[in-house]
Amino acid sequence: SKDMSLSYGVIETYEYDGWTLSYRYKPASKGYENDAPLLLIHPVGIGLSSWFWIKFFEKWQGAALYAPDLIGCGVKNGADAFDPDTTRGLSFP
């Protein structure tokens, strides 16, 4: 599914291991199509997701960008929420 302007990237969703996950993508700028893409990982914390990188996406002129929403993040983008009462997803010691 695509629901954002290209300057902020487009949001895509996919299924993996029973999870619905999402990521933000911006294609390479003209002249950078053959460069390796840049992968941006957002910090872990309540309410964080690929939106953390929106200003970077808006300004970036270069290779393609990918910013995945970590498991349990990106709910606003259509991803599944993390349930701490289950054993699925991320765990911290």
- Query: In terms of hydrophobic clusters joined by side-chain contacts under 4.5 Å, are Val10 and Leu21 together?
  - Reply: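 As far as the 4.5 Å side-chain criterion goes, Leu21 and Val10 are connected within one cluster.
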- Message: Under a 3.5 Å distance rule, please check whether Lys26 uses its side chain to pair with a backbone N or O of Trp60 as donor and acceptor.
- Response: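 Here the side-chain-to-backbone pair exists.
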- Message: Any non-hydrogen side-chain atom of Pro68 less than 4.5 Å from a side-chain atom of Ile41?
- Response: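 Side chain of Pro68 against side chain of Ile41, heavy atoms only: contact under 4.5 Å found.
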- Query: Going only through I, L, V, M, F, W and Y residues with side-chain contacts under 4.5 Å, is there a path from Val44 to Tyr23?
  - Reply: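 The answer is yes; both residues are in one hydrophobic cluster.
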- Item | Between NE2 on residue His42 and CG on residue Leu70, distance to nearest 0.5 Å |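 Going from NE2 on His42 over to CG on Leu70, the span is 3.5 Å.
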- Query: Any side-chain heavy atom of Leu38 within less than 4.5 Å of one from Tyr66?
  - Reply: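 The answer is no; the side chains never approach within 4.5 Å.
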- Between the side chain of Ser29 and the main-chain N/O of Gln61, is any donor-acceptor distance below 3.5 Å?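 No.
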- Message: Tell me if a side-chain donor or acceptor on Asp69 pairs with a main-chain N or O of Ser49 at a distance below 3.5 Å.
- Response: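 No; zero donor-acceptor contacts below 3.5 Å.
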- Trp53 vs Arg24 side-chain heavy atoms within contact, under 4.5 Å: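 No, every pair of side-chain atoms sits at 4.5 Å or beyond.
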- Note, Trp51 side chain near Tyr8 side chain (heavy atom, < 4.5 Å):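 Not touching, per the 4.5 Å side-chain cut-off.
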- Shortest non-hydrogen contact from Pro37 to Ala63?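 Smallest interatomic distance, heavy atoms only, reads CA-CB, 4.2 Å.
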- Task: Taking atom CZ of Phe56 as the centre, report whether more than 12 heavy atoms of other residues, nucleotides or ligands fall under 6.0 Å from it.
- Result: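 Counting other residues, nucleotides and ligands, CZ of Phe56 exceeds 12 neighbours.
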- Item | Main-chain N/O of Gly31 paired with Glu33 side-chain donor or acceptor, under 3.5 Å |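 Yes, the answer is positive, given that a donor and an acceptor are paired below the 3.5 Å cut-off.
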- Shortest non-hydrogen contact between Ala67 and Ser50, atoms and distance: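 Distance-wise, the nearest heavy atoms are O-CB, 3.3 Å.
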- Query: Step by step, would you call Phe57 with Leu65 a side chain to side chain contact (heavy atoms under 4.5 Å, CB included)?
  - Reply: CA-CA 8 Å; Phe57 266 75; Leu65 294 176; 3.7 Å; yes
